[in-house]
Amino acid sequence: MTADRIRTEGEVEYRFTHPDDFRDHVRDRKGRSPVPKLVTEKEAVSAFVSDGDYIVYDFSSLTRGPQSLIREVIRQRKKDLWIGAEFTLHESPLLVGAGCATRIDVGFLGYGNYIGQAVCDGRVKVYEWTNGGIALRILAGARGVPFLPTRDLLGTDNMKVSAAKAITDPYTGDPICLVPALNPDVAFLHVHQADVFGNARIFGTNLFALEMALASFRVIVSAEEIVETDEFRKDPMRTTVPYFLVDAVVHAPFGAYPGAMPARYEIDLEHVDRLNAIRNDEQMGRYLEENIYSVADHDEFLDRRVGAGRMRELRRRATIIEGYR
Amino acid sequence: MPRAIEFTDTEFMIAQGARLIEDGKTIFVGWGIPQVVAMLAQKLYVPNVTQLFEFGAIGPQSVLPFVRGTMGGPQNTFRSLQWLNMNWAFSYSATGYMDYGMLGAAQVDPYGNINSTHLGGTFSKPGRRFPGSGGGTQVASHCWKTIIVIKHEGRRFVPKVDFLTSPGYLDGPGAREKAGLPRGTGPHRVVTSKALFGFDEATRRMTLLSVLRGLTVEEIVKDMAFRPLLAPEIGEIPPPTDDELRVLREEIDPARFIIRGEKMSATA
């Protein structure tokens, strides 16, 4: 692109992969053969998440977020992660509070006082892409193109603290904003149903489940329920992600806890209130110790920290089932 | 018979916001208070409004009560016309199908520019940090008419926002188009807990249109860090009606998590 076509550009660091490098990865490293990929959270995170990785996830800690995987990342004390905080709520405070994440592309920074204070204290670097901007970056990654244009971000200060560029559109002659493709290292997707090969489906809305799975180097699916492959073949309109995008499948009942899994269980507002109340490192440390470090895995967390009675109650409260199945 | 109505400033803000929504139109609804405004409007005034949420719910009929803090839960995607995702949701606004957008704000300036990112300090070392744009930048860029809902606190009305998160009229007439934003879009109303503002056609500056019954213009503008334009005739906004308060208190937010606030009273 000639320099005179660029009108404004932000000059901050950003994650970018040349589309051909991503294609090489897909050719060489992503298996097409349907092999069983069922592993535990512990195995999936230790095999597919490394220090320094860029991580994205679909939906939030309050609704169908991959919370058992997030907790496992914290339990394994991953370091220097960069997260795409799209529509995020408690993931960012937990990952920053646990010392796992050091950079955040916002999105929606997160909920509660802790994460805002962490930014004020300079403990985490943030960049502003907006929700629509991150979704478009992921879409560009999923379409195998280096960037996509959009008619927003223009005129705002987000342009200065992202790497978005305003250029002269060669078709209209008007200013247009470009955002670079985003190909994350790892995507976490929590679904209602998956088979052992990685075919997966969500009931309800999503942020960018398919785009994210296409765009990411590695994809970990966690599922409330493991079903037979025929269930997908009998109702293919409902497949969210086909198996060959997926690297690992984790069977994670109550994997979205304390958030809701639509039509399966409701949000645990009492637990969420405890998350919301975290204001400092001491409170954060107590929460992490009790709910993550002191339990070996997701099963033990459910057994010892949530309990069968509570889970039964949350299941009972999930009375809205219309539209989900 | 005139009688005194007791309510909170938040309840008034939500109620007058709900009265602005037009039936048979589409509205892109932001997180928090705008969700509650849209719920009240749909329940009482505009059964045929089509709401849209950024996480891909098109035309939901939210189940009451409001579950605090949530946006994508089954309650506020109930009985939608369509379930999609974020890239498609912003396609509806980017192509011009969204008549209204409704957003909250931490700060707003005379041109309706919104700050929801940080207050004070610098971007990398802010005094106070908020969640940031979410999808607000897209909503304020794409929708034909953006409604801003904001508590009437003087410190929120500033000559220049600390960070321009979501675009209003930028620095004046023609600036949006010059920046490359879609033609004919921009802020339409600013709904506060005491008054209602619009934007002057010629200067694109915020203009006081009407005030809550019983308040004076001076009471409205005295705390604001800029002087808004004044409409030739300043209207009077009635306080929340019995119906509005009943639906808010009994159906939408029985826990009073959202609707609590400063106590006010006005003549019905």
Side-chain angles (χ1 to χ4, degrees), chain A residues 59-60 62-64 86-87 89 106-111 115-117 119-120 122 125-126 128-133 135-136 138-139 150-158 160-161 166 169 174-177 204-211 260 262-263 266-267 269 272 276 318 320 322-324, chain B residues 31 53-57 63 67-75 77-80 83-87 89-90 93-94 113 115 117-118 121 123-142 161-167 170 175-182:
Chain A
F59 246 100
S60 78
L62 298 188
T63 309
R64 199 183 48 71
E86 176 87 350
F87 201 76
L89 289 167
V106 180
F108 191 87
L109 177 65
Y111 197 63
I115 188 65
Q117 193 57 47
V119 174
C120 294
K125 283 190 199 161
V126 290
E128 303 296 312
W129 291 94
T130 77
N131 277 351
L136 196 65
I138 294 282
L139 180 61
T150 185
R151 295 183 77 197
D152 47 55
L153 293 164
L154 297 157
T156 74
D157 287 338
N158 302 298
K160 300 173 189 163
V161 288
D169 168 10
D174 296 335
I176 188 87
C177 177
T205 66
N206 67 94
L207 301 185
F208 43 35
L210 176 58
E211 299 100 299
E266 253 305 325
I267 186 171
L269 277 176
V272 167
N276 292 342
I320 299 173
E322 208 177 84
Y324 306 97
Chain B
W31 184 69
F53 292 123
E54 62 175 344
F55 56 84
V63 175
V67 182
R68 58 201 159 87
T70 67
M71 182 121 203
Q75 290 79 9
T77 58
F78 188 63
R79 295 224 161 163
S80 296
W83 281 343
L84 289 168
N85 61 24
M86 196 169 276
N87 279 310
F90 290 130
S93 56
N113 298 308
N115 174 16
T117 303
H118 76 87
F123 173 74
S124 50
K125 203 88 175 126
R128 255 189 99 190
R129 172 70 211 209
F130 301 108
S133 161
T137 303
Q138 282 71 40
V139 172
S141 299
H142 301 169
V161 286
D162 294 354
F163 186 96
L164 202 168
T165 311
S166 302
L170 302 179
R176 284 175 70 93
E177 290 78 3
K178 195 166 159 244
L181 294 169

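Worth knowing before you read on, the calculation uses all heavy atoms, side chains too, and leaves out hydrogens, waters and symmetry mates. In the text below, chain A, chain B and the rest are named by the order of the sequence lines, each starting its count at 1.
For B:Thr77, the part lying near chain A is the side chain, with the backbone staying farther off; criterion is any non-hydrogen pair under 4.5 Å. Residue A:Asp174 does not touch chain B at all, counting heavy-atom pairs closer than 4.5 Å. Both the backbone and the side chain of B:Phe163 come within less than 4.5 Å of a heavy atom of chain A. Heavy-atom distances place the side chain of B:Val67, and not its backbone, under 4.5 Å from chain A. Contacts of A:Ile267 with chain B are made by side-chain atoms alone, with heavy-atom separations under 4.5 Å and no backbone atom involved. The contact between B:Phe55 and chain A is made by backbone and side chain atoms together, counting heavy-atom distances below 4.5 Å. Both the backbone and the side chain of A:Leu207 come within less than 4.5 Å of a heavy atom in chain B. Residue contact with chain B, scored on non-hydrogen atoms closer than 4.5 Å, involves the side chain of A:Val106 exclusively. Looking at A:Thr63, only its side chain comes within 4.5 Å of chain B, counting heavy atoms on both sides. For a residue to count as touching a neighbouring chain, one of its non-hydrogen atoms must lie under 4.5 Å from one of that chain's; by this rule B:Phe53 does not touch chain A. In this structure, chain A has no heavy atom under 4.5 Å from any part of B:Arg176. Of the two parts of B:Val63, only the side chain, counted from C-beta on, holds a non-hydrogen atom closer than 4.5 Å to a non-hydrogen atom of chain A. Only the side chain of B:Thr117 has a heavy atom closer than 4.5 Å to any heavy atom of chain A. Residue contact with chain A, scored on non-hydrogen atoms closer than 4.5 Å, involves the side chain of B:Leu170 exclusively.
In terms of heavy-atom pairs under 4.5 angstrom with chain B, the leader among A:Ala260, A:Gly116, A:Ala263 is A:Gly116. With chain A as partner, the option from B:Gly134, B:Pro74, B:Gly56, B:Ala179 having the largest number of non-hydrogen pairs under 4.5 angstrom is B:Gly134. No other option in B:Gly72, B:Gly136, B:Ser166, B:Gly132 has as many heavy-atom pairs under 4.5 Å with chain A as B:Gly72. Most heavy-atom pairs under 4.5 Å with chain B, from the set A:Leu62, A:Val126, A:Thr130, A:Leu139: that is A:Thr130. Listed options B:Gly121, B:Ala57, B:Pro182 were ranked by heavy-atom pairs under 4.5 angstrom with chain A; first place goes to B:Pro182. Considering only heavy-atom pairs separated by less than 4.5 Å from chain B, the leading option among A:Ile320, A:Asp152, A:Ile138, A:Ile115 is A:Asp152. In terms of non-hydrogen atom pairs under 4.5 Å with chain A, the most contact-rich of B:Glu177, B:Arg129, B:His142 is B:Arg129.
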Apply ring pair (Phe, Tyr, Trp, His ring centres under 6.0 Å) to residues A:Tyr324 and B:Trp83 and explain how you reach the verdict. CA-CA 11 Å; A:Tyr324 306 97; B:Trp83 281 343; 4.7 Å; yes
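The nearest pair of heavy atoms linking B:Gly127 to A:Cys120 is O-SG, 3.5 Å. When every heavy atom of A:Asn158 is checked against every heavy atom of B:Thr137, the shortest pair comes out as ND2-OG1, 3.4 Å. A pairwise comparison of heavy atoms in A:Pro175 and B:Lys178 identifies CG-O, 3.2 Å as the closest pair. Residues B:Pro131 and A:Gly110 share a closest heavy-atom pair of CG-O, 3.8 Å.
Of the listed residues (A:Asn131, A:Leu136, A:Thr205), just one forms a side-chain contact (heavy atoms from CB on, under 4.5 Å) with B:Met86, and that residue is A:Asn131.
Residue A:Thr156 holds its OG1 atom at 11.5 Å from CG of B:Asn115, rounded to the nearest 0.5 Å. Annotation: the span from B:Glu54 atom CD to A:Glu86 atom CD amounts to 7.5 Å, rounded to 0.5 Å. The distance from atom CZ of B:Phe90 to atom OG1 of A:Thr150, rounded to the nearest 0.5 Å, is 9.5 Å.
For the 3.5 Å distance criterion, the side chains of A:Glu128 and B:Ser133 fail to qualify, holding no donor opposite an acceptor.
For the pair B:Asn85 and A:Glu211, the minimum side-chain heavy-atom distance is below 4.5 Å. Residues B:Ser141 and A:Leu154 have side chains not in contact (no heavy-atom distance under 4.5 Å, counting atoms from C-beta outward). Side-chain atoms of A:Lys160 and B:Phe123, non-hydrogen and from C-beta on, never get closer than 4.5 Å to each other.
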